[in-house]
Amino acid sequence: MTDVKKMIGQVFEEIASGLETGAFGAKATVAVTTLGSEHGVENVVRGAELAAKRDPGLEVVLIGPKVESNLKQYVVETDDEGYKVMEKLLDSGEVGACVTMHYSFPIGVSTVGRVVTPAVAKEMIIATTTGTSSAHRVEGMVKNGIYGIIAAKAIGIENPTVGILNLDGAVQVERAFKKLAEGGYEINFAQSNRADGGVLMRGNDLLQGVPDVMVNDTLTGNLLMKIFSSYTTGGGFEATGYGYGPGIGEDYDRTVLIISRASGYPVIASALQYAGDLVRGDVKKVAKEEFAKANKAGLKEILANITAADKKAPAEDEEEVVAPPKEICDEEISGIDILELEDAVRALWKQGIYAESGMGCTGPVVMINKERHPFVHDILVKEGYITED
């Protein structure tokens, strides 16, 4: 009898949640790390509590120092401890997504931001905003477009319009998208509000939020996020928008969303709601489906043709470099040019040191086992990839 009462209680709880959120059973559990904010732990907690209050179907979990809050907490004292707990919760499925202020994504993964445009208060996806989809600008922007479509569909935009910001390489990106469309991948091209129209978006289109998904290179996207989020506050407090968004890439399996150390509690609250939207929309499933469709339409071949002209033919006598046995990579070395990142990794492999390329919030990084740091530093200095401290 007790079990029956418990089941009835759970049913009524789900009905109540459905009436409040508009989605029966559409619950999501997301976490946020509270250390690192320029505005203090209390700023992050305030954002987390606001998100939970706005959306009763959203369970928010705190990872950080002990605080006074009704939210569930995992108490840690350092960033490193926090990231370990975060990854454990994500990998176990206890939380569906996590919002954090710093995370090193592998090359090939970049984050998809979400803003509210000032002209007409329309939401717009910025693809992408941190991380690196590719060391090649045009290839990266093509991938960014796919990532943006994935994020848009996961939050409920069934057929998102796509525009390409008129930057260097935008015309090549347009050609690639059209080839992809010819191959059978559906892309709903936006049209500029300027008199001559076209899929290439101008500054006016940015302000008006013309496309659902604005495609750009990551560095430009990062700048756009900062401007959209804090143009009314002078830059020190990000007040509007949903943050820099989830890291997306083919075969990438963690839903980690980035916010800035300057993000204020309104942005943090919205970022957590964005995370909840992605969990409910099953962004991982959407990503698998979109990559499968894009690859069937010839994505890999299109990307290979884009980069082929820039690749130098290897010397006939150049030795093949094989990665040494894999090690835990718990140390980052920064200061390496993105165009030389993979070469730096191979230079370490030649010396028998396992390394991986990655992308932190401050730029490209080589990831290694911390015990090897002194040797790695000397090798990279000698090979000219970094300078002496």
Side-chain angles (χ1 to χ4, degrees), residues 105-114 123-129 131-192 197-201 205 209-218 220-221 245-253 255 277-278 281-311:
F105 294 105
I107 298 297
V109 176
S110 57
T111 59
V112 181
R114 187 175 171 189
E123 289 188 7
M124 182 171 64
I125 296 291
I126 303 290
T128 58
T129 61
T132 296
S133 303
S134 169
H136 190 285
R137 179 184 181 84
V138 175
E139 180 186 35
M141 288 177 67
V142 174
K143 289 184 176 181
N144 291 350
I146 304 298
Y147 301 173
I149 291 171
I150 289 167
K153 288 188 174 182
I155 64 172
I157 306 174
E158 293 184 6
N159 189 22
T161 58
V162 177
I164 307 163
L165 194 57
N166 194 18
L167 303 165
D168 292 347
V171 173
Q172 297 176 63
V173 175
E174 180 183 3
R175 289 176 189 152
F177 282 162
K178 288 181 176 178
K179 287 180 182 177
L180 201 57
E182 290 170 2
Y185 184 75
E186 185 178 358
I187 300 179
N188 184 14
F189 293 107
Q191 290 294 312
S192 171
V199 70
L200 299 185
M201 301 286 111
D205 300 308
V210 170
D212 294 315
V213 177
M214 182 70 80
V215 179
N216 43 255
D217 67 278
T218 303
T220 300
I248 295 178
E250 190 166 8
D251 299 324
Y252 189 69
D253 202 35
T255 306
D277 292 342
L278 292 166
D282 200 349
V283 65
K284 294 179 184 179
K285 179 182 177 183
V286 174
K288 287 180 180 178
E289 292 173 349
E290 292 303 310
F291 282 122
K293 289 187 288 187
N295 287 331
K296 184 178 179 180
L299 176 62
K300 293 189 185 304
E301 292 79 4
I302 290 169
L303 296 178
N305 289 334
I306 288 172
T307 58
D310 294 336
K311 290 182 178 179

Taking the side chain as every heavy atom from C-beta outward, state whether [X] and [Y] have any atom pair closer than 4.5 Å.
| X | Y | result |
| --- | --- | --- |
| Lys179 | Asn305 | no |
| Val213 | Ile157 | no |
| Asn216 | Met201 | no |
| Phe177 | Ile164 | yes |

Do you know which two heavy atoms are closest between [X] and [Y], and how far apart they sit?
| X | Y | result |
| --- | --- | --- |
| Leu278 | Pro246 | CD1-CG, 3.5 Å |
| Ala294 | Leu180 | O-CD1, 3.6 Å |
| Val112 | Ala151 | CG1-CB, 3.6 Å |
| Asp205 | Ser192 | OD2-OG, 2.8 Å |
| Gly249 | Val109 | CA-CG2, 4.1 Å |
| Val210 | Gln191 | CG1-O, 3.3 Å |

- Message: Strictly below 4.0 Å, N to O, side chains only: are Lys293 and Glu290 in salt-bridge contact?
- Response: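 Salt bridge flag = yes for Glu290 with Lys293.
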- Is the shortest side-chain N to carboxylate O distance from Lys178 to Glu182 below 4.0 Å?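 No, Lys178 and Glu182 are not salt-bridged.
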[atom2] on [Y] to [atom1] on [X], rounded to 0.5 Å:
| X | Y | atom1 | atom2 | value |
| --- | --- | --- | --- | --- |
| Glu139 | Leu299 | CD | CG | 8.5 Å |
| Lys143 | Ile306 | NZ | CD1 | 10.0 Å |
| Tyr185 | Asn295 | OH | CG | 10.0 Å |
| Leu167 | Thr220 | CG | OG1 | 5.0 Å |
| Met141 | Ser134 | CE | OG | 12.0 Å |

- Message: Can you tell me which residue among Val173, Asp217, Leu303 is in a side-chain contact (heavy atoms from CB on, under 4.5 Å) with Val138?
- Response: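 Only one option passes, and that is Val173.
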Just by distance, do the side chain of [X] and the backbone of [Y] share a donor-acceptor pair under 3.5 Å?
| X | Y | result |
| --- | --- | --- |
| Lys153 | Pro160 | no |
| Asp282 | Ala154 | no |
| Arg137 | Asp168 | yes |
| Thr128 | Asn144 | no |

- How are the rings of Phe291 and Tyr147 set to each other: parallel, tilted or perpendicular (split at 30° and 60°)?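 Judged by the thresholds at 30° and 60°, the geometry between Phe291 and Tyr147 is perpendicular.
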- Would one find more than 12 heavy atoms of other residues, nucleotides or ligands at under 6.0 Å from atom CD of Glu289?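 Counting other residues, nucleotides and ligands, CD of Glu289 exceeds 12 neighbours.
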- Go through Ile150 and Val283 one step at a time and tell me if the side chain to side chain contact (heavy atoms under 4.5 Å, CB included) criterion holds. CA-CA 7 Å; Ile150 289 167; Val283 65; 4.0 Å; yes
- Given Asp212 and Thr161, is the side chain to side chain donor-acceptor pair (under 3.5 Å) satisfied, shown in steps? CA-CA 5 Å; Asp212 294 315; Thr161 58; 3.2 Å; yes
